[in-house]
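All of these numbers come straight from a predicted model, not from anything done at the bench. All residue numbers refer to positions in the sequence shown, counting from 1.
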Amino acid sequence: MAYVPKSLAQLLKEMKLGESPPGAASMAGLLRMDKDERKKAVDSMGLKKVSHRSRLRKRLEQIKKILENPEKALSFYKQAAEDSKGLDYAALLMLSDIYATGKGISKDEKKSHSFEIQAKSVPAWVTLNLNLLDETEKSADKGDAEWKFIIKLYNSKGSEEKKVELKQLRLPETTKVRNILDPHLMPQFKALGWKDYSIWSDNEAILSTLELRDLSYSRNSEGRVEIQCFEGEKVSIKSEASENGPAESNSSKIQLQKFEECVVCLEENDFKQYLACLHAACCADCWKLLDKCPICNKRKM
């Protein structure tokens with residue numbers, strides 16, 4: 001069956017399973033879940049019979065298989081986003097994923113970021129992820145470090161448009177940095193009219209896989225970390241014009257640290273490999289055996 005209903009309400013009606021319950025995930029939301037998450041979501045929808053829940057899960061698996069076709073997926077998720085008047089954040093995130101991977105279509109990072117900004121500015125997404133962040137904070141141990149993010153937003157010309165300071169947070173070191181930043185930043189990007197973005201901390205792009213422990217090298221003794229957001233690709237930052245002349249571009253504060261001896265084997269350091277922390281600290285042989293920087297413990301990503 002190659003037919004795909006346009007909504008969960010329509011699917012339930014066609015399967016004679018009643019109406020979509022209040023608070024249920026959208027069709028896009030269910031399809032975005034993995035198999036176990038989808039089972040829990042279906043089980044929570046109030047369908048009384050086990051056979052009804054089973055039928056719905058099987059039908060959703062069929063629909064997910066159909067939407068492996070990029071053209072059908074694009075059409076379905078665009079229609080879902082349009083029908084929801086831009087409030088179906090799962091559909092928008094699926095569109096972002098499609099353009100990010102370029103599977104079956106032309107890869108387009110700018111379009112991917114544009115859909116991501118729209119999705120992560122939806123109030124329901126922001127509330128959900130701020131609540132998840134609160135739960136993560138409650139799970140932190142006393143031994144976990146405190147973090148204070150100071151975030152500056154720069155337009156495509158490198159001029160500062162806004163500054164955002166987050167409250168002090170005590171979080172596990174494995175917390176994803178973007179889980180902290182995105183609920184606060186994406187609505188700001190949308191309000192500024194940004195269609196594209198990049199997020200940096202000194203020399204490091206803040207990607208979805210980055211964890212707090214990866215930023216330890218840029219965190220000061222008070223837990224402060226400075227983040228720079230750009231409207232598009234990273235550009236030179238302009239400082240405010242002084243009385244003596246025009247504005248000048250700021251260079252990165254972190255400088256490359258070269259070590260003459262390998263800090264691991266104490267032999268001559270004949271290898272200048274380094275991570276975003278800019279610690280060129282060990283020789284080529286030792287570098288192969290390490291999974292992180294021997295100076296600040298930044299992981300090899």
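Gln188 and Lys162 share a side-chain donor-acceptor pair at under 3.5 Å. Side-chain contact annotation: Thr136 with Thr175, donor-acceptor N/O pair under 3.5 Å absent. With no hydrogens or angles considered, a side-chain donor-acceptor pair links Glu14 and Tyr3 at under 3.5 Å. Judged by distance alone, the side chains of Tyr217 and Glu204 do bring a donor and an acceptor atom under 3.5 Å apart.
Note that the CZ atom of Phe189 and the CZ atom of Phe230 stand 10.5 Å from one another [nearest 0.5 Å]. Atom CD of Glu109 sits about 4.5 Å away from atom NE2 of His113, to the nearest 0.5 Å. Put simply, CG on Asp83 and CD on Gln10 are 10.0 Å apart, with the number rounded to the nearest 0.5 Å. Interatomic distance, SG of Cys293 versus NZ of Lys298, reported as 9.5 Å (0.5 Å rounding). Atom OG of Ser20 and atom CG of Leu12 lie 6.0 Å apart (nearest 0.5 Å). Between the OG atom in Ser139 and the CG atom in Leu171 there is a gap of 8.0 Å [rounded to 0.5 Å].
Under the 4.0 Å criterion applied to side-chain N and carboxylate O atoms, Arg38 and Glu61 are assigned as salt-bridge partners. Salt-bridge annotation for Arg57 and Asp43: present, with a side-chain N of the basic residue lying under 4.0 Å from a carboxylate O of the acidic one. Salt bridge annotation for Lys167-Glu137: present, with a cationic side-chain nitrogen under 4.0 angstrom from a carboxylate oxygen. Looking at Asp291 and Arg299, no side-chain N of the basic residue comes within less than 4.0 Å of a carboxylate O on the acidic one, giving no salt bridge. Comment: Arg213 engages Glu211 in a salt bridge, judged by a side-chain N to carboxylate O separation of less than 4.0 angstrom. Ion pairing of Glu82 with Lys78 is absent here, as no side-chain N (NZ or NE/NH1/NH2) approaches a carboxylate O to less than 4.0 Å.
Using a distance-only test at 3.5 Å, with no hydrogens or angles considered, a donor-acceptor pair links the side chain of Ser198 to the main chain of Gly232. In this structure, Asp88 contributes its side chain and Ser84 its backbone to no donor-acceptor pair below 3.5 Å. A donor-acceptor contact shorter than 3.5 Å is absent between the side chain of Ser54 and the backbone of Val50. A distance-only check finds no donor-acceptor pair linking the side chain of Ser114 to the backbone of Lys110 [under 3.5 Å]. Panel note: side chain Glu231, backbone Asn155; no donor-acceptor pair is recorded below 3.5 Å. A donor-acceptor pair under 3.5 Å is formed between the side chain of Asn269 and the backbone N or O of Ala280. Remark: the backbone N or O of Ile180 is paired with a side-chain donor or acceptor of His184 at under 3.5 angstrom. A donor-acceptor contact shorter than 3.5 Å is absent between the side chain of Asp141 and the backbone of Asp144. In this structure, Arg178 contributes its side chain and Ile206 its backbone to a donor-acceptor pair below 3.5 Å.
Within 6.0 Å of NZ on Lys195 lie no more than 12 heavy atoms contributed by other residues, nucleotides or ligands. Within 6.0 Å of the CD atom in Glu233, the count of heavy atoms belonging to other residues, nucleotides or ligands does not exceed 12.
Both Leu166 and Leu210 belong to a common hydrophobic cluster when Ile, Leu, Val, Met, Phe, Trp and Tyr are linked at side-chain heavy-atom distances under 4.5 angstrom. Placement of Val177 and Ile150 in two distinct hydrophobic clusters is found when ILVMFWY residues are connected by side-chain heavy-atom separations under 4.5 Å, directly or transitively. Phe259 and Leu278 are members of different hydrophobic clusters when ILVMFWY side chains are connected at heavy-atom separations under 4.5 Å. With hydrophobic clusters built from ILVMFWY side chains whose heavy atoms lie under 4.5 angstrom apart, Ile199 does not share a cluster with Leu207. Taken together through direct or relayed side-chain contacts under 4.5 Å among Ile, Leu, Val, Met, Phe, Trp and Tyr, Leu290 and Phe271 form parts of separate hydrophobic clusters.
Across every non-hydrogen atom of Leu215 and Val225, the tightest pair is CD1-CG1, 4.4 Å. The two atoms that bring Ala145 and Arg219 nearest to each other are CB-NH2, 3.5 Å, heavy atoms only. Nearest heavy-atom pair, Pro183 versus Asn129, reported as atom, atom and distance to 0.1 Å: CG-CB, 3.8 Å. Between Pro294 and Val264 the shortest heavy-atom distance is CB-CG2, 4.3 Å. In terms of heavy atoms, Trp200 sits closest to Ala205 at CE3-N, 3.4 Å. Closest non-hydrogen pair, Leu185 versus Cys229, comes out as CD1-SG, 3.6 Å.
Residues meeting the side chain to side chain contact (heavy atoms under 4.5 Å, CB included) test with Ala41, sequence neighbours left out: Leu30, Met33.
Each of Leu93, Ile105, Leu67 was compared with Ile98 under the side chain to side chain contact (heavy atoms under 4.5 Å, CB included) criterion, and only Ile105 meets it.
For Arg170 and Trp147, the positive end is not near the middle of the six-membered ring at less than 6.0 Å and at most 45° from its axis. Judged by a 6.0 Å distance limit and a 45° cone about the ring axis, Lys300 is positioned over the six-membered ring of Trp287.
Between Ile237 and Lys152, the closest side-chain pair of non-hydrogen atoms is not below 4.5 Å. Side-chain contact between Asp196 and Lys111 is absent, with no heavy atoms from C-beta onward closer than 4.5 Å.
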TODO: Check the pair Lys13 / Met15 against side-chain contact (heavy atoms from CB on, under 4.5 Å), numbers first and verdict last.
DONE: CA-CA 5 Å; Lys13 184 178 180 180; Met15 296 182 71; over 6 Å; no

Open item on the list: One pair to check against salt bridge (Lys or Arg N to Asp or Glu O under 4.0 Å): Asp97 and Lys103. What are the steps and the verdict?
Closed with: CA-CA 9 Å; Asp97 291 346; Lys103 184 179 179 181; over 6 Å; no

